[in-house]
Q: 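Please read through the structure below; I'll follow up with questions.
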Amino acid sequence: MPDYNGHDGNINYHFSSFRFDIVLDDFTLSAVNSPTVNVEWSYFHFVYVFNYHICYRKWPCEHGWAEIHTVHGDASDVKLAIDADLSFTGDTVQLSASSVTMPHTRGDIEIFVQCTNSVCVIPVKDIADAIASNFVPTFVEGVKQGFNDACNQYINHLPTNLPFPSLDINYAFSGIFTQVGSNIVLEIDSKFESKGTSPPFKPTFTPPMSEFNTISKDVNVIFTEYTFNSGIWALNASKDFVYEVSNADLPKDSKFSLDTDDYFLLLAVPGLFDYPHVNITINISLGKSGSVTITPNGSLFKGNILFDFALVDDQAPLNLGWTIDFAVSSTLHMDTYLLPNGSIASNLTFTDWKNSASLVKSNVGTVHTSLFEIVFIAVTQLENRPIEEAISPDLHGFVIKYINTKMLDHYIRIENNVLYTPPSFIPCGSHKCALQNTCCNWSTGKGCCTFPNAVCCSEGCCPHGKRCDSGHCSGFLLN
């Protein structure tokens, strides 16, 4: 903590070398007065020890130390409460404390003063009274500042719009929160957008309130069909979701080849006989329509997939090929679980593939689409095996201890139990700064400044509240 200067009547004081020990317990979180969230610890005990330098009237200044502590045991009834405003409506998440209070009764807090001068003339009661009159307002203001500094460092930079540049789409969310029973419920409007444009349709389903009255895990996350359908729409609208397949992508032992000499392709497209020894590529993209319907038995996907076959020649473009539109449907089954190393794993299985192929265009003659339908079903049956994906998300101190995914009518519920471990350092590029340090982005790269909540200069840093001034900090040398 920084040194503190002040005055009270005829007393001028300087407090320094703060040492403290704090115990917080019996935590409650309330959002009854949304958008304000109330955080309260009903059990709050502390011990503060610091040095003082006090000048009183014309008497000699005195040095000493003081201790402020709560009364131990059940006799103490000190609480700490923070009212904070939480918003998801801007470009970033915003959380800030609007007020901090420390409810207590007379006798809950004791002050001990010890003068270390050889001769002490200022009555210790006057010193204790000066400390008492300033401690609570100074302390709660310090908590408010510390809370808001932590929010600015860890929360208020979190974006509400996540871009996917390679696909030219973005994931945006906004919303409000409320309290249902004893549970905090975030009502988030999450959707995918294409080039900043929202889907032309709105959500048609809201999860039943019973979901929020019976939460048995720490965190329940619910996604409705709207999130997934907005993603399909955004991919279609961006026109950037194209997957190219060539001979190089086929397995080495494949009996099928992408060229005009392949037996199956010659059978399905007889006109290829006129173009021997030419390679073929396939560009796969989503069609104009697509939707997801979530049921307890799985998520049913219906949509169109375009297969654009093109003849390619290394010497010159041929502008030859054909395009098939597959109207497909399949059911997705998902199982989510934790791996021993803490990573989140998902097991995805597609079943009940159905398709109907229609020819969009061809300049190589007749195309027997029914043969492509047979191959499509054969491939999906051959590849109908679980897809396993594992991720290790950085949750900034939160560790997921349990996860379970359940599909219901029109929405998916993800249940989580989480454990929070406070960080032991501040990540800063390739460095790990101490918690009381500040990470600065200097011209030579990122580095640690030893001042808490510092002002970062181009080649150094200044204490909080100071300014950079040609290698100095308002009279202080750069750290």
Side-chain angles (χ1 to χ4, degrees), residues 161-173 188-207 222-245 282-309 322-334 346-361 369-370 372-381 383-384 386-387 389 405 407-414:
N161 196 308
L162 306 176
F164 294 83
S166 61
L167 298 176
D168 208 8
I169 66 175
N170 57 282
Y171 180 68
F173 67 91
I188 301 297
D189 174 16
S190 64
K191 60 192 173 186
F192 286 92
E193 298 177 336
S194 173
K195 302 176 182 178
T197 301
S198 297
F201 51 87
K202 299 293 184 181
T204 59
F205 173 80
T206 301
I222 292 176
F223 292 100
T224 67
E225 297 164 342
Y226 177 70
T227 299
F228 302 99
N229 288 328
S230 69
I232 296 173
W233 173 86
L235 289 172
N236 285 332
S238 71
K239 301 185 185 304
D240 286 335
F241 183 69
V242 178
Y243 183 67
E244 183 179 279
V245 180
I282 308 175
N283 285 324
I284 304 173
S285 61
L286 294 175
K288 293 183 178 180
S289 62
S291 65
V292 171
T293 302
I294 303 173
T295 74
N297 297 320
S299 295
L300 177 62
F301 168 77
K302 291 183 178 180
N304 291 72
I305 302 177
L306 294 177
F307 282 67
D308 187 21
F309 296 80
W322 68 99
T323 302
I324 298 177
D325 184 347
F326 287 93
V328 302
S329 67
S330 180
T331 301
L332 167 65
H333 306 272
M334 180 170 60
S346 292
N347 193 316
L348 308 177
T349 305
F350 290 90
T351 62
D352 304 323
W353 280 100
K354 297 180 177 63
N355 83 98
S356 175
S358 60
L359 184 65
V360 178
K361 62 180 180 180
T369 57
S370 58
F372 285 97
E373 290 179 359
I374 296 173
V375 171
F376 188 95
I377 292 296
V379 171
T380 55
Q381 290 178 348
E383 297 295 322
N384 187 21
I387 303 173
E389 295 288 343
T405 301
M407 294 186 183
L408 298 139
D409 286 320
H410 306 297
Y411 64 99
I412 294 176
R413 183 179 69 214
I414 304 175

Q: Looking at CH2 of Trp322 and CZ of Phe372, how far apart are the two atoms once the value is rounded to the nearest 0.5 Å?
A: 5.0 Å
Q: Heavy atoms only: give me the nearest Thr369-Ser358 pair and the separation to one decimal.
A: CG2-C, 4.2 Å
Q: Any side-chain to backbone donor/acceptor pair from Thr323 onto Asp308? Under 3.5 Å, distance only.
A: no
Q: Would you name the heavy atoms of Ser299 and Val292 that are closest together and state the gap between them?
A: CB-CG1, 4.1 Å
Q: Would you compute the distance between atom OG of Ser238 and atom CG of Leu286 and round it to the nearest 0.5 angstrom?
A: 9.0 Å
Q: Whether the side chain of Ser330 engages the backbone of Thr351 through a donor-acceptor N/O pair (distance < 3.5 Å, no angle test) should be reported.
A: yes
Q: With rounding to the nearest 0.5 angstrom, report the NE2 to CG distance, His333 to Leu348.
A: 11.0 Å
Q: Which heavy-atom pair separates Phe228 from Thr224 by the least distance, and what is that distance?
A: CD1-O, 3.4 Å
Q: Does the pair Lys302 and Thr293 meet the rule for a side chain to side chain contact (heavy atoms under 4.5 Å, CB included), with working shown?
A: CA-CA 8 Å; Lys302 291 183 178 180; Thr293 302; over 6 Å; no
Q: Indicate yes or no for a side-chain donor-acceptor contact from Asn236 to the backbone of Gly287 under 3.5 Å, with no hydrogens or angles considered.
A: yes
Q: Answer yes or no: is there a side-chain heavy-atom contact under 4.5 Å between Asp409 and Phe205?
A: no
Q: Between Asn355 and Glu373, does the side chain to side chain donor-acceptor pair (under 3.5 Å) criterion hold? Intermediate values first, please.
A: CA-CA 7 Å; Asn355 83 98; Glu373 290 179 359; 5.8 Å; no
Q: For Pro163 and Asn161, work out which heavy atoms get closest and say how close.
A: CD-O, 3.5 Å
Q: Please find the pair of heavy atoms, one from Phe192 and one from Gly231, that lie closest to each other, and give the distance.
A: CD1-CA, 3.4 Å
Q: Assign the ring pair Phe307 / Phe326 to parallel, tilted or perpendicular, where the plane angle (0 to 90°) is split at 30° and 60°.
A: perpendicular
Q: To the closest 0.5 Å, what do you measure between OG (Ser291) and CZ (Phe301)?
A: 7.5 Å
Q: Quick one: are Thr405 and Ile412 in side-chain contact, heavy atoms under 4.5 Å?
A: yes
Q: Calculate, to the nearest 0.5 Å, the distance between atoms OG1 and CG belonging to Thr227 and Asp189 respectively.
A: 8.0 Å
Q: Looking at every non-hydrogen atom in both residues, tell me the closest pair between Ile294 and Met407 and how far apart they are.
A: CG2-CB, 4.1 Å
Q: Side chains of Tyr171 and Phe164: does their closest heavy-atom pair fall under 4.5 Å?
A: yes
Q: Report yes if the side chains of Phe201 and Trp233 come closer than 4.5 Å at any heavy-atom pair, otherwise no.
A: yes
Q: Could you tell me the separation between the NZ atom of Lys191 and the CG atom of Asn170, rounded to the nearest 0.5 Å?
A: 9.5 Å
Q: Find out whether Val245 and Ile284 are in side-chain contact, i.e. whether some heavy atom of one side chain is under 4.5 Å from a heavy atom of the other.
A: yes
